[in-house]
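For the numbers below, each heavy atom of this structure counts, side chains included, while hydrogens, waters and symmetry mates do not. Protein chains get the first letters and strands the later ones, always in sequence-line order, with residue 1 at the start of each.
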There are 2 protein chains.
Amino acid sequence: MDVSVPHKPSFQPLYQQVKDTLLKRIAAGEWPPGTFLPSEYALAREYGVSQGTLRKALNELTAEGRVVRYQGKGTAVPTFDADQHLYRFFQIVNKQGGHEFPVSQIHCARVEKASKEAVAFLKLETGAKVFRLERVRVLEGVAVINERIYLPCACFPGIESYGMNTLPNTLYDFFQKKFQVTVVQILEDLKAVSADATDSKRLDIPVGYPLLSIRRIALDLEDRPVELRLSRCNTAGHTYHIQLR
Amino acid sequence: MDVSVPHKPSFQPLYQQVKDTLLKRIAAGEWPPGTFLPSEYALAREYGVSQGTLRKALNELTAEGRVVRYQGKGTAVPTFDADQHLYRFFQIVNKQGGHEFPVSQIHCARVEKASKEAVAFLKLETGAKVFRLERVRVLEGVAVINERIYLPCACFPGIESYGMNTLPNTLYDFFQKKFQVTVVQILEDLKAVSADATDSKRLDIPVGYPLLSIRRIALDLEDRPVELRLSRCNTAGHTYHIQLR
DNA sequence: AAGTGGTCTAGACCACCTT
DNA sequence: AGGTGGTCTAGACCACTTT
């Protein structure tokens with residue numbers, strides 16, 4: 001591989017450099033979501049490295065959820081509506097531990113000036129515009145999650161033109177298809193809170209009822225925050241499920 | 001590697017077989033926690049495989065948290081009091097996102113017959129004995145977590161002899177050192193609940209106050225459940241933090 | 001049959017730790 | 001200096017998918 005500056009200061013393995021440039025090319029849209037990358041051999045030849053080295057780079061990208069590999073077929077950039085990524089970031093399960101497909105009722109969708117909270121978590125300039133989306137997610141007929149979502153308008157140009165009737169259920173798929181924004185990582189902070197008047201109305205529960213509060217920040221391929229989501233969940237019939245190693 | 005039966009039915013790669021037998025040897029205590037395995041070359045020679053194949057097996061065990069590797073030193077079985085594993089399964093952070101060392105106040109420590117819940121989650125026989133431990137965890141002087149822990153007596157022979165004054169703060173380290181039980185995986189279900197009378201007294205909060213309820217099942221090296229832990233957390237000053245990819 | 005990713009080898013050399 | 005894990009290569013062959 002051609003490297004203009006030799007790596008004296010801090011050693012960087014070859015596969016790491018290959019991985020970084022591959023990620024940049026994916027982020028730049030050279031291989032749009034749903035399409036396949038060139039084969040290992042083709043890429044190895046292009047970079048002038050061995051198949052094993054290129055393979056190691058691709059395997060790391062796989063582990064980070066940035067590509068998906070299929071034996072006999074090839075290496076693809078994943079989409080949310082396929083590749084088993086539907087529930088990748090959806091941790092709410094029912095009592096049997098199963099996922100349910102959520103339906104959304106949208107209560108609010110408009111552009112506004114970013115609040116201090118949004119500025120802080122989305123790393124925006126003060127005064128930046130955000131798209132505010134409020135919706136209730138319904139699982140098997142029951143209103144379970146009341147959530148408020150902030151999207152930086154700079155990341156989603158033209159999102160103002162979408163409204164209550166044109167916004168889809170599955171946002172991350174929508175981000176990818178319409179705005180070339182791919183969410184690959186999620187940071188969440190969980191708390192227990194009491195239902196306020198809005199929660200009470202939208203989730204049909206008494207004021208003061210305990211809710212699971214989730215503050216989510218979604219990061220794109222290049223680790224930039226692209227969504228702040230504040231969810232308040234009724235956990236009477238559902239739980240937030242996690243596995244750690 | 002010697003394999004008596006060829007792998008006709010479902011293909012099993014060599015490194016997978018090596019990995020499985022290595023894991024069995026670790027679980028059997030051949031290399032106790034804190035000690036080092038033989039070098040890659042020594043193990044490769046022993047199994048009659050190449051260094052690369054043995055390496056792949058060890059790398060998978062590393063990814064699963066079953067061994068720790070140090071360049072220039074060797075491959076070790078991790079302990080909880082070292083190897084950066086102190087906070088591996090401790091997701092509660094303060095407002096600055098930092099971990100705090102928890103101190104415990106023990107309220108109850110005794111053997112009893114397993115409840116239906118304990119039987120179900122710990123996969124016990126009905127009537128099996130468990131060790132019940134109730135404690136409050138104090139972070140920077142504030143009582144934050146009220147928890148009840150059930151341990152199968154079969155997994156921890158002789159644990160009856162420990163009491164309120166001899167049980168340590170960090171249980172997983174204690175499990176490993178005294179009972180050769182290594183926790184490598186955690187399953188958790190989170191809910192929001194209201195504080196009951198006991199929570200109120202122990203955490204110095206009003207009855208009805210919203211608490212984060214965590215049901216944790218801890219699994220050992222061979223994926224057997226070894227602990228059921230029911231925690232109720234005051235999230236006024238702390239949050240449960242998670243990162244997903 | 002051809003093309004893809006997945007496994008395995010043997011050997012070389014590099015980076016890091018200990019002595 | 002010697003030992004350990006970490007990288008890299010070149011080439012072989014296997015398993016899976018598609019044509």
Inset, instruction - Take the protein atom CG of A:Asn59 and the nucleotide atom P of C:dG6, then report the distance between them rounded to whole Å. - result: 7 Å
Inset, instruction - Apply side chain to side chain contact (heavy atoms under 4.5 Å, CB included) to A:Lys177 and list each qualifying residue two or more places apart in sequence or on a separate chain. - result: A:Asp81, A:Asp173
Inset, instruction - Nearest whole angstrom, please: distance from the C1' of C:dC8 to the CD of B:Gln51. - result: 12 Å
Inset, instruction - Nearest whole angstrom, please: distance from the P of C:dC8 to the CZ of A:Arg55. - result: 11 Å
Legend entry - Side chain of A:Arg69 - closest among C:dG5, D:dC8, C:dC13: C:dG5
Inset, instruction - Can you tell me the distance, in whole Å, between the NZ atom of A:Lys19 and the P atom of D:dC8? - result: 13 Å
Polar atoms only, N or O, under 3.5 Å: list the protein pairs with nucleotides 17-19 of chain D and their distances.
none

Legend entry - Candidate nucleotides D:dG6, C:dG5, D:dT7, ranked by approach to the side chain of A:Phe11 - the nearest: D:dT7
Inset, instruction - Go through B:Thr21 and B:Tyr47 one step at a time and tell me if the side-chain hydrogen bond (donor to acceptor under 3.5 Å, both in side chains) criterion holds. - result: CA-CA 10 Å; B:Thr21 72; B:Tyr47 281 105; 2.9 Å; yes
Inset, instruction - Check the distance between C:dC8's P and A:Lys56's NZ and give it to me in whole angstrom. - result: 17 Å
Legend entry - Phosphate OP1/OP2 of D:dG5: any B:Thr75 side-chain N/O under 4.0 Å: yes
Legend entry - Contacts of A:Tyr162 that satisfy side chain to side chain contact (heavy atoms under 4.5 Å, CB included) - sequence neighbours left out: A:Ile159, A:Thr166, A:Leu167, A:Phe174, A:Lys178, A:Phe179
Inset, instruction - Kindly say if B:Tyr15 contacts the phosphate of C:dT7, meaning a side-chain N or O under 4.0 Å from OP1 or OP2. - result: yes
Legend entry - Length of the line joining A:Arg45:CZ and D:dC8:P, which is rounded to integer Å: 20 Å
Legend entry - B:Ser50 side-chain proximity, nearest of D:dA12, C:dC8, D:dC8: C:dC8
Legend entry - side chain to side chain contact (heavy atoms under 4.5 Å, CB included) involving A:Leu139 - partner list, sequence neighbours excluded: A:Phe90, A:Ile92, A:Glu100, A:Pro102, A:Val144, A:His238
Inset, instruction - Would you mind reading off the distance between A:Leu54 atom CG and D:dT7 atom C1', rounded to a whole angstrom? - result: 14 Å
Inset, instruction - Ignoring backbone atoms, establish whether B:Thr53 has a side-chain N or O less than 4.0 Å from OP1 or OP2 of C:dT7. - result: no
Legend entry - Gap between atoms CZ and P, on B:Phe36 and D:dT4 respectively (whole Å): 11 Å
Legend entry - Those residues that, when tested against A:Phe36, pass ring-ring contact (aromatic ring centres under 6.0 Å, His included) (two or more places apart): none
Legend entry - Test salt bridge (Lys or Arg N to Asp or Glu O under 4.0 Å) applied to A:Glu188 and A:Arg229, A:Arg216, A:Arg215, the passing residue: A:Arg216
Legend entry - Residues that A:Arg69 engages under side chain to side chain donor-acceptor pair (under 3.5 Å), provided they are two or more places apart: A:Glu40, A:Asn59, A:Thr75
